[in-house]
Amino acid sequence: MSEKGEKHWYVVHTYSGYENKVKANLEKRIESMNMEEKIFRILVPMEDEVEIKDGKKKITKKKIYPGYVLVEMIMTDDSWYVVRNTPGVTGFVGSGSRPIPLTDEEAMQIIGKTLSDTPRPRLDLNVKERVRVTSGPFENFEGIIEEIDSDKGKLKVMISMFGRETPVELDFSQVEKI
């Protein structure tokens, strides 16, 4: 196994939809097999996602990487065996049978996403779709989506005002599909 004695984050592949079950099973196995000094944390990367449907805002937890669980552990033959033989686990991510740890930067990036307080907006709309503005100074105007910026939760809508098409930047929560 790699770099004995140092703890790293490893990515474990699981059956899809079994991530939380794997986490619970692994936590039980760690306790029953006294592996607390080799396996430290188990993380199912999740983030809040804002979904706007029918003009209503709904925040849901969404798995960032479905089918994967992160495990912070010291890789030894014993700790590998405990994780690998947990029900629902199909293997470690790595080349062949050799698990490869995440770099510190990769681990911090994933953990940072999980701990972020800002829900990521999600919109069930596409460019060139027609929408109605539901709030703000352009309420009840209709327009066509020109751009969608999912990261910022904004979209550019072309609204017809005074006989001209005018681009207007709006939040996802300000529009509804027509």
Side-chain angles (χ1 to χ4, degrees), residues 1-126 148-155 171-173 175-177:
M1 297 293 138
S2 70
E3 297 182 52
K4 288 185 180 180
E6 283 188 52
K7 69 177 178 183
H8 291 284
W9 284 97
Y10 291 88
V11 181
V12 176
H13 190 246
T14 68
Y15 292 117
S16 187
Y18 282 75
E19 299 86 356
N20 290 322
K21 205 168 199 163
V22 164
K23 181 181 178 192
N25 285 339
L26 192 50
E27 285 169 345
K28 280 183 201 161
R29 284 174 61 87
I30 290 167
E31 195 179 320
S32 69
M33 298 173 92
N34 297 319
M35 295 299 288
E36 293 94 345
E37 293 179 8
K38 289 182 180 171
I39 304 173
F40 306 98
R41 289 188 285 175
I42 303 148
L43 182 70
V44 178
M46 308 270 274
E47 67 182 352
D48 288 336
E49 187 176 86
V50 177
E51 188 176 358
I52 296 155
K53 210 168 191 177
D54 300 328
K56 291 180 183 168
K57 197 173 176 181
K58 185 179 166 191
I59 296 176
T60 55
K61 287 265 183 204
K62 186 182 171 216
K63 291 179 183 104
I64 301 172
Y65 305 107
Y68 294 96
V69 172
L70 301 184
V71 181
E72 186 183 35
M73 59 190 283
I74 296 171
M75 185 58 72
T76 63
D77 290 342
D78 293 346
S79 62
W80 178 89
Y81 180 85
V82 169
V83 174
R84 180 61 188 91
N85 293 300
T86 299
V89 171
T90 59
F92 280 91
V93 172
S95 59
S97 61
R98 189 178 171 87
I100 296 175
L102 293 173
T103 63
D104 290 343
E105 293 79 31
E106 291 169 331
M108 292 315 297
Q109 191 177 10
I110 294 169
I111 293 166
K113 271 187 185 179
T114 300
L115 299 176
S116 172
D117 290 337
T118 311
R120 197 170 62 110
R122 180 172 164 231
L123 189 65
D124 192 23
L125 292 172
N126 297 307
I148 297 174
D149 186 342
S150 296
D151 292 336
K152 292 181 182 170
K154 302 266 185 192
L155 37 85
D171 289 334
F172 284 3
S173 61
V175 298
E176 67 181 6
K177 199 175 193 172

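One-based numbering along the sequence shown. Given the structure is predicted, the values throughout are model-derived calculations rather than measurements.
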Is it true that the NZ or CZ of K7 lies under 6.0 Å from the centre of F40's six-membered ring and within 45 degrees of the ring axis?
->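 Cation-pi check for K7 and F40: passes.
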Could you tell me how the ring of F92 sits relative to the ring of Y10: parallel (under 30°), tilted (30 to 60°) or perpendicular (over 60°)?
->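 Answer is perpendicular, since the angle exceeds 60°.
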Single hit among R29, K28, K21, E27 for side-chain hydrogen bond (donor to acceptor under 3.5 Å, both in side chains) with T86 |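 Single pass found, and it is R29.
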Please assess T90 against T14 for the test side-chain contact (heavy atoms from CB on, under 4.5 Å), listing each intermediate value before the final yes or no.
-> CA-CA 5 Å; T90 59; T14 68; 5.7 Å; no
Verify, without hydrogens or angle tests, whether E19 (side chain) and V44 (backbone) share a donor-acceptor contact under 3.5 angstrom.
->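 Flag not set: sc E19 to bb V44 has no pair under 3.5 Å.
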Spell out, as yes or no, whether a donor-acceptor pair under 3.5 Å connects the side chain of S79 to the backbone of I74.
->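 A pair under 3.5 Å: yes.
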Show the numbers, then the answer: is there a side-chain contact (heavy atoms from CB on, under 4.5 Å) between L102 and V11?
-> CA-CA 7 Å; L102 293 173; V11 181; 3.7 Å; yes
Considering only heavy atoms from C-beta outward, does the side chain of L26 approach that of V71 to under 4.5 Å?
->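 Result yes, sub-4.5 Å side-chain heavy-atom pair found.
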Distance-minimising heavy-atom pair for I30 and E36 =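 Looking at all heavy atoms of both residues, the closest pair is CG2-N, 3.7 Å.
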May I ask you to check whether H13 and Y68 place their ring centers less than 6.0 Å from one another?
->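 For H13 and Y68, the ring centres are under 6.0 Å apart.
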What's the verdict on side-chain contact (heavy atoms from CB on, under 4.5 Å) for M35 and D78, showing C-alpha distance, side-chain angles and the deciding distance?
-> CA-CA 9 Å; M35 295 299 288; D78 293 346; 3.9 Å; yes
How far apart are the C-alpha atoms of V69 and I42, what are their side-chain angles, what is the distance that settles it, and do they pass the side-chain contact (heavy atoms from CB on, under 4.5 Å) test?
-> CA-CA 7 Å; V69 172; I42 303 148; 3.5 Å; yes
